[in-house]
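Below you'll find the structure, written out as structure tokens, and then a few comments.
Labels below follow one simple rule: chain letters A, B, ... track the order of the sequence lines, proteins then strands, and each chain is numbered from 1.
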Amino acid sequence: MPELPEVEVLRRSLEPLLRGRTIRRVEVRERRLRERVPRGFEAAAAGRRIEGLRRRAKYLLIDLSGGATLVIHLGMSGRLTVVGEQVEREPHEHLAFYLSGRTRLRLRDPRRFGLALLVPTALLERDRHFAALGVEPLADEFSGELLARVAHRRRGPVKNFLMDQRIVVGVGNIYATEALHRCEIRPTRSVARLSRERFERLAAAVREVLEQAIGEGGTTLNDFTDGRGEAGYFQVELAVYGRPGEPCPRCGGTIRRIVQAGRSSFYCPDCQR
DNA sequence: CGGGCGGCCTGGAGGC
DNA sequence: TGCCTCCAGGCCGCCC
């Protein structure tokens, strides 16, 4: 579900709902997420005030008073919403944060690929989840020149390169697929054989597709919503992702599906070379 | 050390 | 209706 745009949309929608509230009590119904939620998590989070929300890669960072940051990753099926404290528990609601103002922040995650942990704010960048992450694609330093530099002496398909979080963060299967279509590069193309000019177009396409998706509230294929439960609209803009057999909106060619690194790729064989 | 692949989970869709 | 297979937005660890 969540790539960078979805996490960013979530962050923006949650910020006004959460900032300034105090975590009064935490309930963990299921500890077995991608990593086990440690005993003591509830006690360590309780009593802290929510100071602000940030995002790094696909991680949502909720800064708390007392120098702690609540780190949440949604995996494939996670959903984080704010509801009234009395609202009935939904299926797979593994974590519930009861907040001041009679509200509750809840994490639902059927597949349990998500993550929730508490990290000292000052040590975030050294935490093993963050230490090896690459550049933020919406940051000024992200450019075709940077991509070309990092790609030096690398091999393999450009799509795998784009989805490698050590290179650039936040780009998952949907947006890698769509960005490659926008800049007319075939996903199987070797990264070692991309010209400097094509790296520039690729970087521009990545930035453009992410920004547009954020503006549209993210992509809701199945169940993504923002913190208020609102779905996104970018799925209607998807040119090739999930559309095998349909005509390419640019040239009319027939969209193909292939598998790369165990993931579906979609591309137009006529205009992506 | 870089890259490929299976595994982790549950649920929805589609075929028969 | 029910059963089966396939597939899914991510990431990690193991293997070569």
Side-chain angles (χ1 to χ4, degrees), chain A residues 1-11 29-37 55-60 71-80 90-95 107-117 127-134 137 150-180 187-193 206 209-210 213-214 216-226 231-238 240-245 257-266:
Chain A
M1 166 195 324
E3 303 182 30
L4 184 151
E6 288 72 38
V7 181
E8 181 59 26
V9 165
L10 180 66
R11 185 193 73 75
R29 300 262 179 172
E30 173 60 82
R31 292 189 186 278
R32 295 171 301 165
L33 304 185
R34 192 174 95 216
E35 292 171 25
R36 192 175 184 83
V37 178
R55 179 192 56 73
R56 170 72 170 122
K58 300 172 192 169
Y59 293 88
L60 182 69
V71 176
I72 291 184
H73 194 287
L74 298 178
M76 294 275 261
S77 59
R79 191 201 301 197
L80 197 59
E90 60 184 348
H92 305 288
E93 182 177 330
H94 307 313
L95 262 58
L107 176 68
R108 165 194 145 96
D109 184 6
R111 294 176 71 182
R112 291 193 271 121
F113 289 169
L115 193 63
L117 59 147
D127 182 90
R128 64 191 166 86
H129 299 90
F130 300 95
L133 290 179
V150 183
H152 187 60
R153 287 166 161 267
R154 277 188 160 259
R155 302 151 358 84
V158 61
K159 174 158 179 272
N160 302 6
F161 174 77
L162 263 190
M163 290 177 64
D164 187 335
Q165 303 296 300
R166 294 168 300 183
I167 309 292
V168 53
V169 299
V171 181
N173 205 29
I174 292 179
Y175 298 110
T177 297
E178 290 293 312
L180 288 165
T188 52
R189 183 101 194 162
S190 166
V191 78
R193 301 165 52 79
V206 167
V209 74
L210 295 177
I214 291 171
E216 302 278 328
T219 299
T220 300
L221 287 186
N222 214 0
D223 57 1
F224 167 73
T225 69
D226 71 8
Y233 294 97
F234 193 72
Q235 61 278 9
V236 306
E237 309 284 344
L238 297 176
V240 289
Y241 183 88
R243 304 191 187 282
R257 173 186 181 269
I258 59 171
V259 174
Q260 293 180 274
R263 319 290 303 274
S264 288
S265 290
F266 305 88

For the atom pair CD (A:Glu6) and OG1 (A:Thr225), what is the distance rounded to the nearest 0.5 Å?
11.0 Å
Please classify the nucleic acid contact of A:Gly172 as base, sugar-phosphate, or nothing, using heavy-atom distances under 4.0 Å.
sugar-phosphate
Output the pairing pattern of DNA chain B as a dot-bracket string, 5' first, Watson-Crick or G-U wobble with both distances under 3.5 Å, | for cross-strand pairs, [ ] for crossing pairs.
.|||||||.|||||||
Would a distance-only check, ignoring hydrogens and angles, find a side-chain to backbone donor-acceptor pair under 3.5 Å from A:Arg243 to A:Leu238?
yes
C:dA8 OP1/OP2 closer than 4.0 Å to side-chain N/O of A:Ser264
yes
Identify which nucleotide among C:dG10, B:dC9, C:dC11 has an atom closest to any side-chain atom of A:Pro2, counting heavy atoms from C-beta outward.
C:dG10
Can you check whether A:Val240's main-chain N or O pairs, donor with acceptor, with A:Glu178's side chain at less than 3.5 Å?
yes
Could you check whether A:Phe113 and the base of B:dC8 form a stacked pair, meaning centres closer than 5.5 Å and planes differing by less than 30°?
yes
Among C:dC7, C:dG10, C:dC12, which nucleotide has an atom closest to any side-chain atom of A:Arg257?
C:dC7
Is the shortest heavy-atom distance from the side chain of A:Asp127 to the side chain of A:Val71 under 4.5 Å?
no
To the nearest 0.5 Å, what is the distance between CZ (A:Arg154) and CD1 (A:Ile167)?
3.5 Å
Determine the Euclidean distance between corresponding P atoms of C:dC7 and B:dC5; express it in Å to zero decimal places.
15 Å
In whole angstroms, how far is the C1' atom of B:dT10 from the CZ atom of A:Arg79?
15 Å
Check whether any side-chain nitrogen or oxygen of A:Arg34 sits under 4.0 Å from OP1 or OP2 of C:dC12, and answer yes or no.
yes
Residue met sooner reading DNA chain B from 5', once A:Asn222 and A:Asn160 are mapped to nucleotides:
A:Asn160
Quick one: is B:dG3 close enough that its OP1 or OP2 comes under 4.0 Å of any side-chain N or O from A:Arg154?
yes
Whole-Å distance between B:dC1 P and A:Arg166 CZ?
11 Å
For A:Met163, does its backbone N or O pair with a side-chain atom of A:Gln165 as donor and acceptor, under 3.5 Å?
yes
Could you check whether the side chain of A:Arg263 and the base of C:dA8 have a donor-acceptor pair of N or O atoms closer than 3.5 Å, going by distance alone?
no
Tell me: CD of A:Glu35 to P of C:dC11, nearest whole Å?
12 Å
Determine yes or no for a side-chain-to-main-chain donor-acceptor pair under 3.5 angstrom, with A:Arg31 supplying the side chain and A:Val37 the backbone.
yes
May I ask you to say what A:Arg155 touches in the nucleic acid, namely base, sugar-phosphate or nothing, with a heavy-atom cut-off under 4.0 Å?
sugar-phosphate
Atom CZ of A:Phe224 and atom C1' of B:dG11: how far apart are they, to the nearest Å?
19 Å
Check every atom of C:dC11, B:dT10, C:dC7 against the side chain of A:Lys58 and return the nucleotide holding the closest atom.
C:dC11
Please state the P separation for the pair C:dC6 and B:dG6 - nearest whole angstrom.
14 Å
Looking at every strand, decide which applies to A:Tyr241 at a 4.0 Å heavy-atom threshold: base, sugar-phosphate, or nothing.
sugar-phosphate
Under the 3.5 angstrom rule, does the side chain of A:Glu30 hit a backbone N or O of A:Arg32 as a donor-acceptor pair?
yes
Rounded to whole angstroms, how far apart are CG on A:Asp109 and P on B:dC8?
17 Å
For A:Met76 and B:dG12, what is the distance between atoms CE and C1' respectively, to the nearest whole Å?
13 Å
Should the side chain of A:Arg112 and the base of B:dC9 be counted as holding a donor-acceptor pair, with the cut-off at 3.5 Å?
no
Between C:dT5 and B:dG7, how far is it from one P atom to the other, in whole Å?
16 Å
Which word best sums up how the rings of A:Tyr59 and A:His129 line up, parallel for under 30°, tilted for 30 to 60°, or perpendicular for over 60°?
perpendicular
Tell me the interatomic distance from A:Leu74, atom CG, to B:dC9, atom P, rounded to whole angstroms.
18 Å
So does A:His73 get a side-chain nitrogen or oxygen closer than 4.0 Å to the phosphate oxygens (OP1/OP2) of C:dG10?
no
Given B:dG11, C:dG10, C:dA8, which nucleotide is nearest the side-chain atoms of A:His92?
B:dG11
Please state how far atom CG in A:Leu4 lies from atom P in C:dC11, giving the value in whole angstrom units.
11 Å
